[in-house]
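Accompanying notes for the structure given below.
Given the structure is predicted, the values throughout are model-derived calculations rather than measurements.
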Protein chains: 2
Amino acid sequence: MKSIIEILKENDIAPSMQRIKILEYLQSYKTHPTADMIYQALADEMPTLSKTTVYNTLKTFTEKGVLMALSLFGNEVRYEYNTEPHIHFKCTKCDKIYDLDKSFDHYNDDLIDGHKITEHHVNLRGICKICLRKVGD
Amino acid sequence: MKSIIEILKENDIAPSMQRIKILEYLQSYKTHPTADMIYQALADEMPTLSKTTVYNTLKTFTEKGVLMALSLFGNEVRYEYNTEPHIHFKCTKCDKIYDLDKSFDHYNDDLIDGHKITEHHVNLRGICKICLRKVGD
DNA sequence: TACTTCTTTGTAACGATTACAACTTTGGAA
DNA sequence: TTCCAAAGTTGTAATCGTTACAAAGAAGTA
Ligand SMILES: [Mn+2]
Ligand SMILES: [Mn+2]
Ligand SMILES: [Zn+2]
Ligand SMILES: [Zn+2]
C-alpha cells in the first residue's frame, strides 16, 4: 500500500508533520469527520496544532483531489479520504453517517442539458437500523 | 389551484401574513433561495419583518412537509416549495442552482441495509452551460 | 550566511443560524 | 365585551463553522 508521504508527494503537497497526521487520521477513521472533529482528535498528540492549519490542510487536500468534501444535511462540511463512488446515508436520530455500496448511475465528466458535471453526490436521510431498534423498545 | 391559505390550513399552520408572504414567495420564485434571500426580498414590502420570523417560518414549513430544505455544497441551507423528486445541479462558477428532470431511482420509504429512508437527494456540481460559453471566450 | 518561499499559528472577523425574552396578536371562555 | 392563555413576531445577543490576515517559524538554495 502507498505510504502517506508518497500520496502527498504525488499530489505536489509537501509532507509536513501536520499534513501527514491529518491524512493519516482520515485514512484510519472513515467516520466523515468535520474539521473540528479532526482538530479535537489530533490536539492531544499535537498540542501546538492550530485549527486554522486543519482548515488550510483540508482545503489543500480537497483542491488537489486527495479528499472529498461532503455537504450532508447540516451547515458543516465533512471530509473523507477519496474512495470509489458511493452513497451516503445520514441518520436523523444519531447523526451517524453510513456508506452504502448500492450502485447508481453516476454522471461525472458527462454533459447533462449542456452542463458539465464534475461531481455527483447521492445523499439519503432517515433512521438507521440501530436507532430503529431503539424506537421499537 | 389550491390557495396559500388552504395549503397552510391543511398542514395545521395558522395563516399569518408573514407565513403567507413567505410561502407565496417560494411558490413564485423557484430559485432555491436562502433564508436571507427571502428576508431581503420581502423586507421592502414588510418593513417590520424579522429575520428570526423567516427562520422560524422556514423551520415550521419544513417540519410540516410544506417545504424541502436542501444542502447543496456550502454552509447555508436552501429552500424550495415541494415538488416532484428531481435532481439539483449547482454551478461552481456562478453558484446558480438548476433543477434537472433526469429520472433516477429514488428510495424514499424504502429500507436499505436495514435503514429506513425518508429523503433522497441527488446533487450534481460542475459548470453550467452559460458559464461554459463564457470560458470559451 | 542571507534570502526566498512555504507552512503554521493565533486572533479577529465573518456569515448563517439559534436562543431567548419581551412584545403583539389571536381566539376562545366567562 | 372583556379577559386571558396560547400562538406568533420581533430585536438582540450568542453560538457555530469558517475565513482573513499578519506575524512567526521552518526549509530549501545560492
Ligand atoms: Mn463515505
Ligand atoms: Mn429544485
Ligand atoms: Zn441512528
Ligand atoms: Zn454557471
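In this structure, B/Ile38 places its CD1 atom 13 Å from C1' of C/dA16, rounding to the nearest Å. The distance between atom CG of A/Asp36 and atom P of D/dT19, rounded to the nearest whole Å, is 14 Å. Atom pair B/Lys21:NZ and D/dT9:P shows a separation of 14 Å (rounding to whole Å applied). Atom pair B/Tyr39:OH and D/dT9:P shows a separation of 15 Å (rounding to whole Å applied). Rounding to whole angstrom units, OH of residue B/Tyr79 and P of C/dT17 are separated by 6 Å. Summarising the geometry, the separation between CG on A/Leu49 and C1' on D/dG25 is reported as 15 Å, rounded to the nearest angstrom. The nearest whole Å value for the distance from the CG atom in B/Asp95 to the P atom in C/dA16 is 12 Å. The distance from atom CG of A/Leu23 to atom P of C/dT7 is 15 Å, rounded to the nearest whole Å.
The phosphate of D/dT9 has neither OP1 nor OP2 within less than 4.0 Å of any side-chain N or O from B/Ser50. Considering only side-chain N and O atoms, B/Gln18 lies nowhere under 4.0 angstrom from the phosphate OP1 or OP2 of C/dT25.
Each of C/dT17, D/dT18, C/dG10 was ranked by its minimum atom distance to the side chain of B/Val77; first place goes to C/dT17. Each of C/dT17, D/dT10, C/dT9 was ranked by its minimum atom distance to the side chain of B/Tyr55; first place goes to C/dT17. For B/Thr52, the listed nucleotide lying nearest its side chain is C/dC20; candidates were C/dT7, C/dT9, C/dC20. Distances were taken from every side-chain heavy atom of A/Glu76 (C-beta onward) to each of D/dT9, D/dT10, D/dT18; the shortest belongs to D/dT18. Here the side chain of A/Ser16 is nearest to one of D/dT10, C/dT8, D/dT19, namely C/dT8.
Between B/Lys59 and A/Ile13, the one whose closest nucleotide on DNA chain C sits nearer the 5' end is A/Ile13. Nearest-nucleotide assignment on DNA chain D puts the 5′-proximal partner with B/Arg19, out of B/Lys51 and B/Arg19. In this structure, B/Asn75 and B/Thr57 both approach DNA chain D, and ranking their closest nucleotides by distance from the 5' end singles out B/Thr57.
Donor-acceptor pairing under 3.5 Å is recorded for the side chains of A/Asp99 and A/His86.
Using cut-offs of 30° and 60° on the angle between ring planes, the pair A/His120 and A/Phe104 is perpendicular. Between B/His121 and A/Phe73, the angle of the ring planes goes over 60°, which puts this pair in the perpendicular group of the 30/60° scheme. Between A/His32 and A/His88, the ring planes lie perpendicular to each other; the angle is over 60°, past the 30° to 60° tilted range.
B/Asn56 comes within contact range of at least one nucleobase, with a heavy-atom separation under 4.0 Å. Here B/Thr34 lies out of heavy-atom contact (under 4.0 Å) with every strand.
To the nearest 0.5 Å, atoms CG (A/Leu132) and CD1 (A/Ile127) are separated by 5.5 Å.
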